[in-house]
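The structure appears below as structure tokens.
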Amino acid sequence: MLGEIIAVGEEVLAGDVINSNAAVLSRRLAELGIFCRHHSVVGDDEGDIVELLGKASERSRFILLSGGLGPTKDDLTKEAVASFLGRPLYEAPELKQGIIDWFSHRNYTISENNFKQALMIEGGQALHNNNGTAPGVYVCDEGVHYFLLPGPPGELIPMYDDYVKPILEPLRNQKIVSKTFKLVNIGESQAVTVLDDMMTYSETFILAPYAKLGEVHLKATAIGQDEVSLNKKIEEVEKVIYDRLGEYIYSQDSDDLVDKVIGLLKADNLTFGAAESCTGGMVADLFVSKPGVSSVFMESAVTYSNSSKTRVLGVAEDTLATYGAVSEETAVEMVEGVMERFKVDTGIAITGIAGPDGGSEEKPVGLVYIAIGFKGRVWVQKYNLGGNRDKIRQYAAKRSLISLYNKLKEIYPS
């Protein structure tokens, strides 16, 4: 049950487009017990695509190609697959009519080259595109299953879920049960050391660590024929992981840390606000990306300048003059201003030097202060973060979220 993903397009090779499709498709395939051993990227050259298909078909049973289904001359995925399989292309009337209808309903002018997308590989099956003009293609040849999917994720992901997955499900010959444990306040190396005797990779069981920004994820996967025994295996693994690392686990489901924090705030009817300097609204973005957050998230401010810290949050000018914008004292007054002026129960304030300029021997680039406020009380933590400007800002935002989570769990341990 080996799968392979091939991204087609010069824009992916050049780095102008990130190959996010490979990550999505790998996860989707793994849910069905189909494991990817190869990810490839190839340019818009028919010969190169054919050459890669030759290698892929020898080592993989399921080959998913993304991109190269558009109307232009350099969209050559269908042509390359047809050539590799030795099958002709023909214009499918129903696909042509679908393209005409798509343009007509939107009052767009159709060009003759759009009908290139109506070409179908002989013996293939069209995969309907509900979000664009490029139909996908499914074709099976000598036991290898080929799926040709559009490049834009907004078209590819729905096409996979609606049409590819139903084709794949009856083809899988084994079952898979998995569970992911999400941890904070522990590093990957430490977690792996604690679970060293369990870190295996075999045809029947995998326990794999994944280092995330400020987190560690442990994914346990059992593979076999009997779903009952697979669930029992995962339950046994879960018990050991909780016995050894339970204090660090914040979730074992699809919820991320933001979901968890929002859940804790809602459970205790707490309101929240934020003030950010060097992170420039990243914390607010983490929260407002979640539906239903308006019941707890009241207000935020990007107080980047000293004057805005004073005007919006009430930070004293003397504090800024004496200790500087990046200081424990300023962070304290920032979060006090959040709670007082935004009328919230709990808050976050972040101030730091993200660089690449602005640092000094006393206050180097990467120095960040994070203040957590809760009903009048304040806690401050100092960090010296490494990396470039983006990395420092991202980690500061994530670290503030972890700090808030830790404080809420400390105050409400249940």
Do the non-hydrogen side-chain atoms of [X] and [Y] ever get within less than 4.5 Å of each other?
| X | Y | answer |
| --- | --- | --- |
| S308 | R311 | yes |
| L64 | L29 | yes |
| Y138 | V164 | no |
| E10 | L13 | yes |
| K116 | E79 | yes |
| S60 | F62 | no |
| F84 | S57 | yes |
| I167 | Q125 | yes |

Original post:
Please walk me through it: do K382 and E328 pass salt bridge (Lys or Arg N to Asp or Glu O under 4.0 Å)?
Top reply: CA-CA 8 Å; K382 173 184 176 181; E328 177 178 338; over 6 Å; no
Would you call [X] and [Y] a salt bridge, taking side-chain N to carboxylate O under 4.0 Å as the test?
| X | Y | value |
| --- | --- | --- |
| K55 | E4 | no |
| K239 | E236 | no |
| K398 | E215 | yes |

Donor-acceptor pair, [X] side chain versus [Y] backbone, under 3.5 Å?
| X | Y | answer |
| --- | --- | --- |
| S327 | G324 | yes |
| S66 | G151 | no |
| S111 | N114 | no |
| R389 | A354 | no |
| D268 | L270 | no |
| E276 | M282 | yes |
| S403 | R399 | yes |
| K78 | Q117 | yes |
| N129 | M159 | no |
| R172 | G33 | no |

Distance-only polar pair, side chains of [X] and [Y], donor-acceptor under 3.5 Å:
| X | Y | answer |
| --- | --- | --- |
| T72 | D75 | yes |
| D101 | Q97 | yes |
| K309 | S277 | yes |

Can you confirm whether [X] is buried at [atom1], in the sense that more than 12 heavy atoms of other residues, nucleotides or ligands lie under 6.0 Å from that atom?
| X | atom1 | result |
| --- | --- | --- |
| K391 | NZ | no |
| E169 | CD | yes |
| Y242 | OH | yes |
| Y304 | OH | no |

**OP:** Taking ring-ring contact (aromatic ring centres under 6.0 Å, His included) as the test, write out the residues that go with Y369, two or more places apart.
**Re:** none
Original post:
Do you know which of V184, I241, N185 makes side chain to side chain contact (heavy atoms under 4.5 Å, CB included) with Y248?
Top reply: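 Only one option passes, and that is N185.
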Subject >> Name of the residue among L69, I6, V8 meeting side chain to side chain contact (heavy atoms under 4.5 Å, CB included) with L148 >> reply: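 Passing option: L69.
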Which atoms form the tightest heavy-atom contact between [X] and [Y], and what is the distance?
| X | Y | result |
| --- | --- | --- |
| T133 | I99 | O-CG1, 3.9 Å |
| T351 | A331 | CG2-CB, 4.1 Å |
| V258 | F287 | CG1-CA, 4.2 Å |
| P153 | P158 | O-CD, 3.7 Å |
| V283 | S400 | CG2-OG, 3.4 Å |
| R341 | G314 | NH2-CA, 3.3 Å |

**OP:** Taking side-chain hydrogen bond (donor to acceptor under 3.5 Å, both in side chains) as the test, write out the residues that go with R28, two or more places apart.
**Re:** D161
Subject >> Contacts of type side-chain hydrogen bond (donor to acceptor under 3.5 Å, both in side chains), residue K290, not counting sequence neighbours >> reply: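 For K290, the residues satisfying side-chain hydrogen bond (donor to acceptor under 3.5 Å, both in side chains) (neighbours in sequence not counted) are D256, D259.
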Original post:
Can a cation-pi geometry be assigned to K260 and Y405, taking NZ or CZ under 6.0 Å from the six-membered ring centre and within 45° of the ring axis?
Top reply: no
Original post:
Roughly how far apart are D226 CG and K233 NZ, rounded to 0.5 Å?
Top reply: 14.0 Å
**OP:** Step by step, work out the side-chain contact (heavy atoms from CB on, under 4.5 Å) result for I372 and V378.
**Re:** CA-CA 6 Å; I372 304 297; V378 175; over 6 Å; no
